[in-house]
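These notes are about the structure you will find just below.
Letters go in sequence order (proteins before strands), and every chain restarts at 1. Note that the structure is predicted; figures quoted are calculated from it, not measured.
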There are 2 protein chains.
Amino acid sequence: MVVATAPVPANHHRDPDEQEYAVPSPTQSTNRTANRVARAERILDAAGDLLVSWGYAKITVEDVARRAGVGKGTVYLHFPTKEALFLVVLLRAQTAMIERTLEVLRQGPEGIWPSTLARTTALALHESPIIATVMKGRTETLGTFARAAAEYSTELVERRRTTAQTYFDVLRDHGLIRTDRPLGDQMYAYSSILTGFLVAEPLLGEQPASTPPSVEHHADVLADTIRATLGESDADDTLHVAWPKVTALFEDLARDARAEIDRYTHATRDT
Amino acid sequence: MVVATAPVPANHHRDPDEQEYAVPSPTQSTNRTANRVARAERILDAAGDLLVSWGYAKITVEDVARRAGVGKGTVYLHFPTKEALFLVVLLRAQTAMIERTLEVLRQGPEGIWPSTLARTTALALHESPIIATVMKGRTETLGTFARAAAEYSTELVERRRTTAQTYFDVLRDHGLIRTDRPLGDQMYAYSSILTGFLVAEPLLGEQPASTPPSVEHHADVLADTIRATLGESDADDTLHVAWPKVTALFEDLARDARAEIDRYTHATRDT
DNA sequence: TCCGTGACCGGATTCGAAATCTGGTCACGG
DNA sequence: CCGTGACCAGATTTCGAATCCGGTCACGGA
């Protein structure tokens, strides 16, 4: 028998008893749908974990099922296809990020500053390997899935763009950012800057070991850049006026994102 | 016979008579080394053209020779190896960019503003497909060559970093940019912003067809961002003092870059 | 009755040995 | 003495065989 020379990290052996998410004993009483949801979540967690460590191509639906502690067929009771499953994994991570933004927004009106938004995004990216995977190694861990993911979620991307535009519109209307530049330019600048800080993160030759981990620090520099570029300022204390509008905007987005997830969940949908 | 289904663009047939750079008649009188240099340049041009349209992997040394209108062995009289040849192609493009920066620098002291520098870089990138190739599709057109390129030119990269640091140091010393932020942060911000604008260029859903080609416009937005972030200002007219220093800095860099090219040229070097 | 399961199917992917290609050399010709 | 292209060996591609895995479905247990 030839030993497989797969480039799988040594610490990721495919033992059946690797199950991180063991089935929580056969509770026979509790609500049916509750169990169902919990199981779906276990499958998604398993899929997410495997995605960041193995990459889409190497993952078998059976791997996911095994790790989730369910049968292979069960996966297909929840998701119509492997693609749909991982699409939901991605959507879920994205939604989590939107909701994280919402949390910050709800904490106080300062959350609506673009600099704060960017800062939150940068920090979230360093904690959520899934999102980081999506934004960076496009063709690395996602492989053939990248195209499918891009196609399926076209409308959500467009939805995000619209939200962003309205967001900047609100900020401009309330004099919270400079209006001597076209809105399109500001959006372009914002996304470019964010992209740059996200992808350039690990680059740049090793600095002298003065700054220890500096993830937060880099996020601060990013926030500074955004602030300087957009010229954030709250002359008339309109921050409190814009606050609920922006919050509502993102709540809408979050709702739509959640709805999008449902579209690809339960395989038991008619067609 | 099976027709090759290679993904080579249809307009790039490998006819031997495709030679764009025909040998300019057998001039037998003029200086020897002049001919030699001209030939080396033809080879480099051919290699560069092929690189951007075919990618490193698909190019044959014979392809390059054919297009340059020389024999295959001749290529090896000028460059010790295929890698060295393409390394010089890259170094040459990079040097061209440095020299383009120098041109702008020599035109007037305004050239030393980081915003101008970034603007020039962005514009140059859109005209030099080679550099654009290097900065963007790292693993696309460069393929296996990417690693080699990175390794060989480690010192030049470090050299660039040092130059950049000194550059920002000079600007700070003369009060041309804000000094209330650490130098490291400013360098980090500068490179991140630049990277972001360069890679995010083609992204962002189609805007309403208001702005026609907008390459220049995008470069302007980039310049604006840099300016706002670094807080460029010339309170004491020290711009003229810093000018020669910065120019000298980049002239040194250009000289070193040219020297680096020579290191990999003429195959007739001892070892 | 209904949910979960895993054996099973066929298309897709991988593997590997044979065939082809290509980077680099070198003897020769101009 | 410079340039050339036939030539060599190692690397890469090809292509059919073997394997794998996404998706289905008949069955068994609750």
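In this model, the phosphate group of C/dT22 is approached by a side-chain N or O of B/Thr60 to a distance below 4.0 Å at OP1 or OP2. Listed pair A/Arg39 / C/dC3 fails the phosphate criterion, with no side-chain N or O lying under 4.0 Å from OP1 or OP2.
Formation of a donor-acceptor pair under 3.5 Å by the A/Thr74 side chain with backbone atoms of A/Val70 is not found in this model.
Atoms CZ (A/Phe79) and P (D/dT24) sit 15 Å apart, rounded to a whole Å. Taking atom CZ on B/Arg66 and atom P on C/dC21, their separation rounds to 13 Å, with Å as the unit. Note: CG (A/Leu85) to C1' (D/dG23) measures 13 Å, nearest angstrom. The distance from atom CG of A/Asp63 to atom P of D/dC20 is 13 Å, rounded to the nearest whole Å. Atom-to-atom, CD1 of A/Ile59 to C1' of D/dG22 comes out at 14 Å; the value is rounded to the nearest Å. In this structure, A/Lys82 atom NZ and C/dG11 atom C1' are separated by 15 Å, rounded to whole Å. In this structure, A/Glu83 atom CD and D/dG23 atom P are separated by 8 Å, rounded to whole Å. Rounded to an integer number of Å, the gap from A/Lys58 NZ to D/dT19 C1' is 16 Å.
The side chain of A/Leu77 lies closest to C/dC3, out of D/dG23, C/dC3, D/dT4. If you check C/dT5, D/dG3, D/dG22 against the side chain of A/Thr74, the one that comes closest is C/dT5.
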Nucleic acid footprint by protein, nucleotides 25-30 of chain C - heavy-atom cut-off 4.0 Å, B for base, S for sugar-phosphate alone: B-----

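In this structure, B/Arg106 pairs ionically with B/Glu251, as a charged nitrogen and a carboxylate oxygen lie closer than 4.0 Å. Salt-bridge check for B/Arg161 with B/Glu158: passed, with a basic side-chain N closer than 4.0 Å to an acidic carboxylate O. For the pair B/Arg92 and B/Glu260, the salt-bridge criterion is not met [side-chain N within less than 4.0 Å of a carboxylate O].
For B/Phe86 and B/Tyr56, the gap between ring centers is short of 6.0 Å.
With B/Leu50 as reference, B/Arg67 is the one residue of B/Arg67, B/Arg66, B/Lys58 to meet the side-chain contact (heavy atoms from CB on, under 4.5 Å) rule.
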Decide yes or no on side chain to side chain contact (heavy atoms under 4.5 Å, CB included) for A/Leu156 and A/Arg159, but give the supporting numbers first. CA-CA 5 Å; A/Leu156 187 56; A/Arg159 184 72 179 74; 4.3 Å; yes

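Base pairing annotation: D/dC25 forms a Watson-Crick or G-U wobble pair with C/dG6, both donor-acceptor distances under 3.5 Å.
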